[in-house]
Amino acid sequence: MATPSMEDYLEKIYKLTVKKGYARVTDVAEQLNVNPSSVTKMIQKLDYNAYLFYEKYRGFSLTEEGLKLGERLAKRHKLLEDFLRLIGVEEENIYKDVEGIEHYLSKNSVLCIEKLVKFFFENKDIKEQFQTALKFVKE
Ligand code: FE2
């Protein structure tokens, strides 16, 4: 099982891989705002856990397993962003809040949120009613 911070690294590596075909230590470090040495350490840990190949001096790429998990993590992140946006969370809070909660939800909760988001996306009129009604709920 991947730990929360392993999930963060994998998600980032996956997104870089999809975008550029590869991921480099420097890019991952820059995007996660950490030292390159922390990235190298985590990559070795992930390598040990079979999510990616680490080739000294050449960089690294994801295994089949790493790609699968990375894709799942990226989808979960996107789903939670959609969810927070749906319930009216302000744009400036969305990314940070998703980063804060994404690792701590059970599969069950993620599945329920997925159904809710899907329901609203398939029923735009109800979505609009809901979002309008939210504006009148007192804080
Ligand atoms: Fe994330």
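First listed ligand is number 1; within each ligand, the first listed atom is number 1. Quick note: numbers below take in every heavy atom, side chains included, and nothing from hydrogens, waters or symmetry partners.
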Should we count NZ of Lys15 as having more than 12 external heavy atoms under 6.0 Å?
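Yes, NZ of Lys15 has more than 12 neighbouring heavy atoms, counting only those of other groups under 6.0 Å.
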From Asp8, does some N, O or S atom reach closer than 2.8 Å to the Fe ion (ligand 1)?
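No, since none of the N, O or S atoms of Asp8 sits under 2.8 Å from the Fe ion (ligand 1).
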Within residues 83-115 or reaching into it, pairs that qualify as ring-ring contact (aromatic ring centres under 6.0 Å, His included) - sequence neighbours excluded
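Passing the test, one end in residues 83-115: His77-Tyr95.
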Could you tell me which non-hydrogen atom of Leu79 sits nearest to which non-hydrogen atom of Glu114, and how far apart they are?
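Reported closest heavy-atom pair: CD1-CA, 3.6 Å.
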What's the atom name of the N, O or S in His77 nearest to the Fe ion (ligand 1)?
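Relative to the Fe ion (ligand 1), the closest nitrogen, oxygen or sulfur of His77 carries the name ND1.
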Minimum-distance atom from the Fe ion (ligand 1) among N, O or S atoms of Glu99
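Restricting Glu99 to its N, O and S atoms, the minimum distance to the Fe ion (ligand 1) goes to OE2.
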Set of residues satisfying salt bridge (charged side-chain N to carboxylate O under 4.0 Å, His left out) with respect to Glu71, sequence neighbours excluded
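Result, salt bridge (charged side-chain N to carboxylate O under 4.0 Å, His left out) vs Glu71: Lys75.
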For the atoms OE2 of Glu11 and OE1 of Glu102, give the angle they form at the Fe ion (ligand 1), rounded to 10 degrees.
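Here the angle at the metal atom is close to 110°, to 10°.
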